[in-house]
Amino acid sequence: MEVFKRIKGTATNKTRARVWLESAELALYGFPRGQRINIAFTDTEIIITVDPEGARKVAGRERNGRTICILDICFPTAQRDAMFKGAAMLSVYATPGELRISV
């Protein structure tokens, strides 16, 4: 697994923790706009996998003629604090069909 990107730790959205990942290159790893995915949480990371029957979809928008893929993950702040312990930056590790977000 290679480091795909470094992102800002987390923000909040309506009192919930939020991890925001935005990149046109997500499509290179199998996460194009509209792709169905599943999101799982462990004690130390968020795991995103491609699944044709997945509960969620990759969002996106057009910018300068390119499709920008967006993953917006919201979850309880207590869970964020236990997983990431206030880290300012998170690493996104990628292989085709799977992303892992951790400290």
Side-chain angles (χ1 to χ4, degrees):
M1 218 172 235
E2 64 184 49
V3 174
F4 168 67
K5 190 172 188 158
R6 300 264 303 151
I7 58 174
K8 185 171 92 171
T10 58
T12 55
N13 180 28
K14 298 179 183 172
T15 71
R16 292 175 54 86
R18 176 187 225 177
V19 173
W20 181 273
L21 180 57
E22 180 175 334
S23 175
E25 288 76 28
L26 282 170
L28 300 175
Y29 289 95
F31 294 88
R33 181 180 187 181
Q35 175 65 55
R36 290 216 165 266
I37 58 172
N38 280 323
I39 298 173
F41 297 89
T42 71
D43 291 342
T44 58
E45 64 187 353
I46 300 170
I47 303 168
I48 305 153
T49 53
V50 170
D51 180 351
E53 303 297 320
R56 298 186 61 180
K57 282 186 183 180
V58 176
R61 65 173 160 231
E62 297 296 320
R63 184 183 297 156
N64 299 326
R66 289 179 37 178
T67 300
I68 306 298
C69 307
I70 300 169
L71 293 173
D72 182 12
I73 304 164
C74 291
F75 54 104
T77 54
Q79 184 178 9
R80 173 204 53 198
D81 295 343
M83 287 171 56
F84 302 136
K85 304 193 180 3
M89 297 295 290
L90 301 175
S91 295
V92 181
Y93 299 91
T95 58
E98 182 179 277
L99 299 173
R100 291 179 178 257
I101 302 172
S102 63
V103 175

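For the single chain, residues carry numbers from 1 onward in sequence order.
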Subject >> With sequence neighbours excluded, residues passing side chain to side chain donor-acceptor pair (under 3.5 Å) with Thr77 >> reply: none
Subject >> Partners passing side chain to side chain donor-acceptor pair (under 3.5 Å) against Arg16 (at least two apart in sequence or in another chain) >> reply: none
**OP:** Write out all pairs satisfying ring pair (Phe, Tyr, Trp, His ring centres under 6.0 Å) with one or both partners inside residues 32-70, taking only residues at least two apart or from two chains.
**Re:** Phe41-Phe75
Below 3.5 Å, can you tabulate the donor-acceptor pairs from side chains in residues 47-59 to any protein atom, sequence neighbours excluded?
residue	atom	partner	partner atom	Å
Asp51	OD1	Glu53	N	2.9
Asp51	OD2	Asn38	ND2	2.5
Arg56	NH2	Asp72	O	2.7

Subject >> Nearest atoms (heavy-atom pairs only) where Pro32 meets Cys69 >> reply: CA-SG, 3.9 Å
**OP:** Check ring-ring contact (aromatic ring centres under 6.0 Å, His included) between Tyr29 and all other residues, then give those that pass, not counting sequence neighbours.
**Re:** Phe4
Original post:
With hydrophobic residues grouped by side-chain heavy-atom distances under 4.5 Å, do Ile39 and Leu26 end up in a single group?
Top reply: yes
**OP:** To the nearest 0.5 Å, tell me how far Phe84 CZ sits from Gln79 CD.
**Re:** 8.5 Å
**OP:** Provide the full list of salt bridge (Lys or Arg N to Asp or Glu O under 4.0 Å) pairs with a residue in residues 79-91, sequence neighbours left out, each pair given once.
**Re:** none
Original post:
Same hydrophobic cluster for Ile73 and Ile37, using side-chain heavy-atom links shorter than 4.5 Å among ILVMFWY?
Top reply: yes
Original post:
Can you check whether Ile7 reaches Trp20 side chain to side chain, under 4.5 Å on heavy atoms?
Top reply: no
Original post:
What pairs with Arg33 under side chain to side chain contact (heavy atoms under 4.5 Å, CB included), at least two apart in sequence or on another chain?
Top reply: Glu62, Thr67
Can I get a per-line list of side-chain donor-acceptor pairs under 3.5 Å for residues 93-103, giving both atom names and the distance, sequence neighbours left out?
residue	atom	partner	partner atom	Å
Glu98	OE2	Arg100	NE	2.9
Arg100	NH1	Glu45	OE2	2.4

**OP:** Would you name the heavy atoms of Pro76 and Ala17 that are closest together and state the gap between them?
**Re:** O-CB, 4.2 Å
Subject >> Which atom of Ile68 lies closest to which atom of Ala24, heavy atoms considered >> reply: CD1-CB, 4.0 Å
Original post:
salt bridge (Lys or Arg N to Asp or Glu O under 4.0 Å) with Arg63: which residues, sequence neighbours excluded?
Top reply: Glu22
**OP:** Return the set of residues passing side chain to side chain donor-acceptor pair (under 3.5 Å) with Gln35 (not counting sequence neighbours), or none when no residue passes.
**Re:** none
Original post:
Should we count CZ of Arg66 as having more than 12 external heavy atoms under 6.0 Å?
Top reply: no
Subject >> Sequence neighbours excluded - ring pair (Phe, Tyr, Trp, His ring centres under 6.0 Å) pairs with any residue from residues 48-67 >> reply: none
